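All remarks here apply to the structure that follows.
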Amino acid sequence: MQIASWNVNSIRSRLDHAIKFLEENDIDVLCLQELKCQDHEFPAEQFEAMGYKCYTYGQKAYNGVAILTKIEPTDIEYGFSDKAFEEQKRIIKATIKGFDIYNIYAPNGNNPKDEKFIYKEGWFKRLKRMLKNEAGLDKNKVVICGDYNIAPTDADVKDPKKSFGKICFHPTEHEWFNQLIDLGLSDCFRIFDKTEKVFTWWDYRAGSFQTNKGMRIDHFLTNDLANAEIDNCYVIKEPRTWEKPSDHTPIVISTKD
DNA sequence: ATGGCTCCCCGTGGGAGA
């Protein structure tokens, strides 16, 4: 089984890219972020024609997440269990082949002095509480993928000195990320690829992609029970080279059966 | 270099993204 995660920056603007990506790659489960559309506006028919069932948690203009799957899920959950942060649709979960797959789109935070940074902190605290108290990390195969809006280490930005303290590379954000890791999760990409400067996002502006001035902010966090069945985690860079691309590119894990 | 691009909205500029 292959599970992909991709922030498409509007599914309606990126429909052709999403289809092309699924045609060119053997993906069983596609986790999408930043749909920027409501559930009834999601172009489900096109994906259904390719054999995917679509579970969407969308909203108008901003945010929105979806899980597209060729394999029938045994459970779907929308949002946090207590409806916290319900005003921004950023988390959906599907249980597929015994894997609890959480698809997240973390808030950006704008800048570390902005009130949106406080919102980002609160959201990560809620995510941590969910993983600690509700996810059953000690007994379930758990995968949390998506756009974390945090580049965790110096290897994950072009110039750590220049990025230090800025949004997505602030020491406080590193604490939030490491607190998730401390629950017993792995940054799955780093199990398989120790290469420095592999990125999943490049700014649209100033030719950032051409100069490879990007960040690795899209991740798969996985627990040991999941890791036992995962045999790869890799970034597929090509979609970022396509015409009118998303600013993010997909990251994928594959499992042994 | 808080700008550059790109997306969205009862739009024709402003907010948001990262």
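Keep in mind that what you see is a predicted model, and the values were worked out from it rather than measured. In what follows, every chain begins at residue 1, and chains take the letters A, B, ... in the order their sequences are listed. Every heavy atom of this structure was used, including side-chain atoms; hydrogens, water molecules and symmetry mates were not.
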Describe the nucleic acid contact of D114(A) in one word from base, sugar-phosphate, nothing, applying a heavy-atom distance below 4.0 Å. nothing
In this structure, is the centre-to-centre distance between the rings of F85(A) and Y119(A) below 6.0 Å? yes
Determine: side-chain N/O of N9(A) to OP1/OP2 of dA18(B), distance under 4.0 Å, yes or no. no
Return the 5'-most residue of the pair R90(A), S13(A) with respect to DNA chain B, ranking by each residue's nearest nucleotide. S13(A)
Base dA16(B) to side chain N108(A), donor-acceptor N/O within 3.5 Å cut-off: no
Between C1' of dG17(B) and CG of N110(A), the distance in whole Å: 9 Å
Does a side-chain N or O from K244(A) land closer than 4.0 Å to OP1 or OP2 of dC7(B), or not? yes
Per atom distances to the R12(A) side chain, the nearest of dG17(B), dA18(B), dC8(B) is dC8(B)
Rounded to whole Å, NE2 of H248(A) lies from P of dC7(B) at a distance of 13 Å
Sugar-phosphate only, base, or nothing, as touched by H170(A) at under 4.0 Å among non-hydrogen atoms: nothing
Using the C1' atom as the point on both nucleotides, what is the distance between dA1(B) and dG11(B), in whole Å? 29 Å
Closest-nucleotide mapping onto DNA chain B: is R205(A) or E34(A) further toward the 5' terminus? I mean the 5' end. R205(A)
Look at the side-chain N and O atoms of R14(A) and state whether any lies under 4.0 Å from the OP1 or OP2 oxygen of dC7(B). yes
Roughly how far apart, to the nearest Å, are dC8(B) and dA18(B) at atom P? 14 Å
Flag for S254(A)-D231(A): side-chain donor and acceptor within less than 3.5 Å: yes
Report yes if the distance between the aromatic ring centroids of W242(A) and F209(A) is under 6.0 Å, otherwise no. no
Give N149(A) one of three labels, base, sugar-phosphate or nothing, depending on what nucleic acid heavy atoms sit under 4.0 Å from its own. sugar-phosphate
For dG15(B) and dC10(B), measure between their P atoms and round to the nearest Å. 15 Å
Is the terminal nitrogen or CZ of R216(A) (NZ for Lys, CZ for Arg) located under 6.0 angstrom from the six-membered ring centre of F199(A) and within 45° of that ring's axis? no
Could you tell me whether N63(A) contacts a base, only the sugar-phosphate backbone, or nothing, with contacts defined as non-hydrogen atoms closer than 4.0 Å? nothing
Could you give the CD-to-P distance, from Q88(A) to dG17(B), as a whole number of Å? 7 Å
Tell me the interatomic distance from E87(A), atom CD, to dA16(B), atom C1', rounded to whole angstroms. 16 Å
What is the distance from CH2 of W123(A) to P of dA18(B), rounded to the nearest Å? 12 Å
Quick check, are the ring centers of F80(A) and W123(A) under 6.0 angstrom apart? yes
Euclidean distance, atom NZ of residue K60(A) to atom P of dG11(B) [Å, nearest integer]: 10 Å
dA16(B) and dG3(B), which share atom name C1', separated by this distance in whole Å: 15 Å
Just N and O in the side chain of Y119(A): are any of them under 4.0 Å from OP1 or OP2 of dA16(B)? no
How close or far is atom P of dC7(B) from atom CD of Q59(A), stated in whole angstroms? 19 Å
When the C1' atoms of dT2(B) and dT12(B) are considered, how many whole Å apart are they? 24 Å
Would you confirm whether N108(A), through its side chain, and N110(A), through its main-chain N or O, come within 3.5 Å as a donor-acceptor pair? yes
Using a cut-off of less than 4.0 Å, is there contact between a side-chain N or O of K116(A) and OP1 or OP2 of dA16(B)? yes
Categorize N111(A) for me: base, sugar-phosphate, or nothing, with a 4.0 angstrom heavy-atom threshold over every strand shown. nothing
Checking all strands, does F169(A) fall into the base, sugar-phosphate, or nothing category for heavy-atom contacts under 4.0 angstrom? nothing
What integer distance in Å separates E41(A):CD from dC7(B):C1'? 14 Å
Pick one: which of N63(A), N9(A), N103(A), N7(A) meets side chain to side chain donor-acceptor pair (under 3.5 Å) with Q33(A)? N103(A)
